[in-house]
Student: 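This is the structure I want to talk about, given as structure tokens.
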Amino acid sequence: MTESEFQEFIITVGYRYCEKAKTAFNSFEGFHTRIQFSEKEKRYSLVLSAITNNSNDAIDVQNMLKEFSSEHKNYITKAIYSDKKISINLKMTIDSAIDKNELKEIAKFITELCKSGKIIPVCSVCFRNKKTGLYIVGRELMPMCDFCVERKRQRYEHRKNLFDKKTQNMPAGIAGAVFGALLGAALYVLLYQLLFVFGIGSLFIIVLSFVGFVVTGQRATKKSAVVCEIISAVVFLIAEYVALVANMSILIEQKGGGIAVSEAIQAINMSFMDMSFLVAAGFDILTGFAVMAIAGLVYFLKRKYTRPLKISKNIL
């Protein structure tokens with residue numbers, strides 16, 4: 001099904017649809033069932049925050065889920081009760097009729113489970129049996145009690161105020177990033193003489209560059225991340241060349257030639273004419289760039305998932 005088809009269909013089984021969270025939801029006697037439309041993962045993901053009265057009920061719920069999953073084994077990929085929530089994943093097929101039928105069965109099953117008396121609705125944050133509303137936190141739909149909502153909002157406002165009050169000092173940040181990158185480059189050159197780092201040591205350059213910018217620039221942004229990536233890339237290329245020269249100087253010295261930096265530079269420059277040497281150096285450089293790119297991606301993901309998330313009003 002397409003998202004619009006899902007949105008139109010899910011209303012027929014008593015659910016409403018939240019476009020921002022791409023999630024359908026239904027409220028029944030304090031239970032808030034959510035079914036997320038995950039087009040990228042090619043699945044529909046149902047989540048219900050709940051606990052059981054006792055261990056026997058927990059076993060019964062697990063058995064009910066196992067039996068339901070077995071009856072629909074061609075389409076259900078997961079049906080478990082864990083971490084105080086019920087999770088059911090339904091794979092998305094190319095046949096909308098099949099998807100609709102399976103979603104109807106899931107909706108019916110969850111309603112029966114809620115009526116069974118074996119589970120109790122809880123807040124998805126504190127997991128206490130308290131009256132809850134449905135709130136959009138970032139892009140996720142969450143059932144929360146008033147206490148948890150207020151606490152999250154206070155935390156959001158506090159972190160937002162701290163963030164808004166910070167001003168970025170770009171010149172100082174760049175200076176710090178350069179210093180950090182050079183310090184990382186020194187470590188890279190040293191490690192190159194001791195180990196076969198294969199460019200992986202570029203991680204020191206990019207990480208210390210980020211640290212240097214944050215310490216001196218006071219505030220990290222997407223723009224500063226790009227600046228640090230560029231600085232680190234340039235410094236890494238220089239560090240790679242210096243590491244090669246240092247390595248060649250050590251080889252010359254070990255053969256009794258003394259410390260001959262100029263000869264080492266000349267030898268390295270001539271080595272670039274050798275295809276095998278060029279390939280090996282190129283591999284180090286490409287590996288280093290890949291490591292720095294991954295570090296940059298981790299930075300962006302960290303910003304995305306650790307930033308305070310705005311909380312909507314109760315959508316019920």
Student: Rounded to the nearest 0.5 Å, what separates atom CE in M142 from atom OG in S312?
Tutor: 11.0 Å

Student: Please say whether more than 12 non-hydrogen atoms of neighbouring residues, nucleotides or ligands are located less than 6.0 Å from CG in N314.
Tutor: yes

Student: Spell out, yes or no, whether V178 and V226 are grouped together once hydrophobic residues are joined by side-chain heavy atoms under 4.5 Å, including indirect joins.
Tutor: no

Student: To the nearest 0.5 angstrom, please state how far the CE atom of M292 sits from the CD1 atom of I205.
Tutor: 6.5 Å

Student: I need the minimum non-hydrogen distance between Y17 and K22, along with the two atoms involved.
Tutor: OH-CA, 3.3 Å

Student: Please indicate whether L297 has more than 12 foreign heavy atoms, meaning atoms of other residues, nucleotides or ligands, lying under 6.0 Å from its CG.
Tutor: yes

Student: Check step by step if side-chain contact (heavy atoms from CB on, under 4.5 Å) holds for I311 and M144.
Tutor: CA-CA 11 Å; I311 304 170; M144 293 189 291; 4.3 Å; yes

Student: Using the six-membered ring of F147, assess whether NZ or CZ of R128 lies under 6.0 Å from its centre and within 45 degrees of the ring axis.
Tutor: yes

Student: Decide whether Y44 and Y15 are clustered together by the hydrophobic rule: side chain heavy atoms of Ile, Leu, Val, Met, Phe, Trp, Tyr closer than 4.5 Å, transitively.
Tutor: yes

Student: Might you work through the side-chain hydrogen bond (donor to acceptor under 3.5 Å, both in side chains) test for H32 and S49, ending with a clear yes or no?
Tutor: CA-CA 7 Å; H32 302 298; S49 299; over 6 Å; no

Student: Of D57, I86, I51, which meets side chain to side chain contact (heavy atoms under 4.5 Å, CB included) against I119?
Tutor: I86

Student: Any chance you could measure L65, atom CG, to S82, atom OG, to the nearest 0.5 Å?
Tutor: 11.0 Å

Student: Using the side chain to side chain contact (heavy atoms under 4.5 Å, CB included) rule, pick out the option among M92, K91, E5 that qualifies with D99.
Tutor: M92

Student: Got more than 12 heavy atoms from elsewhere within 6.0 Å of CZ, F283?
Tutor: no

Student: For Y188 and F236, I'd like to know if the aromatic rings sit close, meaning centre-to-centre distance below 6.0 Å.
Tutor: yes

Student: For a side-chain contact (heavy atoms from CB on, under 4.5 Å) check, start with the C-alpha distance between Y241 and I268, then their side-chain angles and the critical distance, and finish with the verdict.
Tutor: CA-CA 9 Å; Y241 183 76; I268 289 298; 3.9 Å; yes

